[in-house]
Amino acid sequence: MASNLSDTHHSQFDTDEKPPVTKTHSGVQIPIYNGVELVSETDLSFGAILKGTAANPLNTFEKKAALINVELDKFGLGRYQICIWFLCGFGYFLDLAWSQGVGLIASAVYQEMDVSPTDTGNIWACANAGLAVGALGFGLAVDVIGRKWAFNLTCLITSIFGLLLAAPKYNYGAICGIYFLASLGLGGNIPIDATIALEFLPQSRRFLVSLLSMWQPIGVVVASGIAYGTAAKWRCDVELPSCKAVGAGEACCTVSSNMGWRYEIIVLGCMTLFVFFLRFFVFTFHESPKFLLSRGKEAEAIEVLHKIAKFNRAPPPTLTLEMFAALDEMDPRKPEVVSTAHPQTWTETARKVGKGFIKETTRIKGVFTNKLQCFTFILLAIAYMGDYWSFNLAGAYLPLILLQNNVSNGQGTVSDTYQQYIIIYAPGILGAVLALISVQMPLVGRKWSLVFSAICQGLSMAMYTQVKSTAGYVGLNALEYIMQTYFNAVLYASAPELFDTSYRGSVSGMLSCMGRLAGIVAPFAGAQFIANASSGILWLGAGGIWLAALMMVFLPVEMKNRQMF
């Protein structure tokens, strides 16, 4: 658990890749970073919180996890770690590729199925609900059934129901229901993928998790390109009514003349299925050693390290069970661990999931009984909610505000529309690169990167009130998306590393779920501003992300030079 580390003044573990010293106990040599045995005092002072150096003493589990970190550091950025990074990146890619893809086909679906204006929002309500439930459910599942099964199930569920999304004819309710089910898998992607990447990367390369967010704008651009070649090409005349709304023999929007949106969904579904194929059949994913350690499976954790070393063609690890036993002898307060039977088949996994979720709720109490962890969780929860609040207000009402202010968004033709998408979203990659650079900068790190990017994101939203032209709209939209990607890149990477392995996935899922819920509520909160033809909704959105910036000022732990357990 990262928050159990003190700052450099207290001889903390660090990530400067210094060779570990050793301490002999019961005849066993144990690697130790910078005299970790001296870290024994709690520091939760206000000054420590502002500096990001708040700390609790290390427990036995964390000392064992530090030994695993030693071995992962020896591996460096090997073949296994690179494969993990790309496969996790594909999860980020799918998250926004589906969101953008479905957003681009919505009007074709409404036209074909004769959806009334009052019902058009149902599909987004179902999607957001699915994303929230998926984030929470898979966040818990990753700590119950393990990283391996959850890692594969998210893509499998999304691909199956995503492909089924193309099946209904004249049944908007079925479309909404199926998209809810597909969103269950999508909702678990980011919290799970960030957790997995963090637990396999060496400590000195954890900043690469921030770069995973570059896959999100890539997903938007690719989905837009797919839509341009499918949904925009094979679509019935926009002036034609639905065949449900006219009599037999009258000209209408038929299924056969409106197949483009189905082709797009099939392409996205096949892409998702391909990612699942890579994760499950091509790449051999091993359970996280730290997760195994947290469940008392110490021998299995060491076995996984040997398998990773073999895949990386690196020297085998030197970690032994005797080292773990020596740490147990040194600290009689051995933490309670939950050990389950070794190989879990599908049947065994399903049987244990129900019991596991109940046990997991008990384990999660550790977040709220530890003052530092609880304080960190509350700050991050507010930051997540402020982030999603801001994003969803802009997405729901910015086009209406532009219309009220007589500003064109430049999307006159189909070609113009897709050109604007590329101009606005492609620069989001720059946001991920900014995150990658700033989290490594002295005196900046994760904490002040979050504060800076949130302030800039709020400023770009507030500046929308001054937009008078299409160029201004496009430019500010691109700037806002860069800063949003910047903030999210740091937030998604930092939140999981601030919590203990035992409940890291659960906490990440809860935070993501709370953010999704805030995103659902936000448009209703802003409806009154639109009714009064007021641009105050932009300030409401900016206020949400500025609140997140304020909360991050008090983030008590800076992870730049700290180990993650």
Side-chain angles (χ1 to χ4, degrees), residues 1-2 4-5 13 18-37 39 57-76 78 80-81 84 143-148 195-196 198-203 284-344 348 352 356 359 363 366 500-505 563-565:
M1 180 169 58
N4 279 355
L5 293 173
F13 283 94
K18 299 173 183 176
V21 297
T22 58
K23 177 174 181 178
T24 303
H25 185 82
S26 300
V28 177
Q29 295 252 313
I30 302 175
I32 300 173
Y33 273 104
N34 291 353
V36 68
E37 299 294 331
V39 181
L58 292 171
N59 58 38
T60 301
F61 166 77
E62 289 159 350
K63 293 175 183 178
K64 292 180 179 180
L67 300 184
I68 290 179
N69 287 343
V70 172
E71 302 298 342
L72 291 174
D73 287 344
K74 289 179 184 176
F75 295 152
Y80 189 88
Q81 285 74 20
I84 286 288
D143 287 336
V144 174
I145 63 177
R147 277 57 166 153
K148 181 177 181 178
T195 293
I196 288 173
L198 280 167
E199 292 186 353
F200 282 102
L201 287 172
Q203 300 297 293
T284 302
F285 180 86
H286 302 295
E287 188 56 85
S288 163
K290 291 178 187 174
F291 171 78
L292 293 170
L293 179 65
S294 71
R295 295 306 187 265
K297 302 178 181 180
E298 297 175 350
E300 291 179 43
I302 294 175
E303 182 183 352
V304 168
L305 290 173
H306 279 271
K307 290 177 179 178
I308 294 175
K310 184 177 180 180
F311 188 87
N312 284 351
R313 298 170 187 168
T318 57
L319 183 60
T320 64
L321 288 174
E322 287 74 17
M323 292 181 179
F324 287 150
L327 284 174
D328 289 334
E329 292 178 27
M330 292 164 64
D331 186 354
R333 299 170 298 174
K334 182 178 180 180
E336 181 182 356
V337 293
V338 180
S339 180
T340 55
H342 175 49
Q344 294 188 43
E348 291 171 334
K352 292 174 182 176
K359 291 180 180 178
R363 188 179 294 110
D500 189 278
T501 297
S502 300
Y503 40 74
R504 176 174 294 126
Q563 285 216 10
M564 184 197 76
F565 301 129

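The first residue of the sequence shown is numbered 1, and numbering continues consecutively from there.
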Ring pair (Phe, Tyr, Trp, His ring centres under 6.0 Å) filter on Tyr80, not counting sequence neighbours, yields Phe200, Phe283, His286, Phe311

Hydrogens and angles aside, do Asn69 and Gln203 bring a side-chain donor and acceptor to less than 3.5 Å of each other? yes

Could you pull out all residues at least two apart from Lys307 that satisfy salt bridge (charged side-chain N to carboxylate O under 4.0 Å, His left out)? Glu303

Are Arg295 and Asp143 close enough that some pair of their side-chain heavy atoms sits under 4.5 Å apart? yes

Do Leu319 and Ile68 have side chains that get closer than 4.5 Å, going by heavy atoms? yes

Drop me the distance from Lys74's NZ to Ile308's CD1, to the nearest 0.5 angstrom. 14.0 Å

Between Ala66 and Gln563, what is the shortest heavy-atom contact and its length? CA-OE1, 4.1 Å

Tell me every residue that passes salt bridge (charged side-chain N to carboxylate O under 4.0 Å, His left out) with Glu287, counting only those two or more places apart in sequence or in another chain. none

Correct closest heavy-atom pair for Arg147 and Thr501 would be NH2-O, 3.3 Å

So do Gln81 and Pro202 actually touch side chain to side chain, heavy atoms under 4.5 Å? yes

Sequence neighbours excluded, the answer for side-chain contact (heavy atoms from CB on, under 4.5 Å) partners of Ala314 is Phe75, Asn312

Dump the intermediate steps for side chain to side chain contact (heavy atoms under 4.5 Å, CB included) on Leu67 and Lys63, then the final yes or no. CA-CA 7 Å; Leu67 300 184; Lys63 293 175 183 178; over 6 Å; no

Distance in Å, Ser502 OG paired with Phe291 CZ, rounded so as to fall on 0.5 Å steps: 9.0 Å

Which atom of Thr320 lies closest to which atom of Ile302, heavy atoms considered: C-CD1, 3.6 Å

What's the shortest heavy-atom distance between Ile196 and Ile84, and which atoms? CG2-CG2, 4.1 Å

Salt-bridged, Arg504 to Glu199, with N to O below 4.0 Å? yes

For the pair Glu300 (side chain) and Lys297 (backbone), establish whether a donor and an acceptor sit closer than 3.5 Å, ignoring hydrogens and angles. no

Asp328 CG to Met323 CE distance, which is reported to the nearest 0.5 Å: 14.0 Å

Closest heavy-atom pair, Ala299 versus Leu321, reported as atoms and distance to 0.1 Å, is N-CD2, 3.7 Å

May I ask you to check whether Ser288 and Lys148 show a side-chain donor-acceptor distance below 3.5 Å? no

Using modelled atom types and a 3.5 Å cut-off, is there a donor and acceptor pairing between side-chain atoms of Lys290 and backbone atoms of Met564? yes

In short, Pro316 meets Ala309 closest at the heavy-atom pair CA-CB, 4.1 Å

Does the Glu71 side chain pair with the main chain of Thr318, one donor and one acceptor, at a distance under 3.5 Å? yes

Side-chain (Asp500) to main-chain (Tyr503) donor-acceptor, under 3.5 angstrom: no

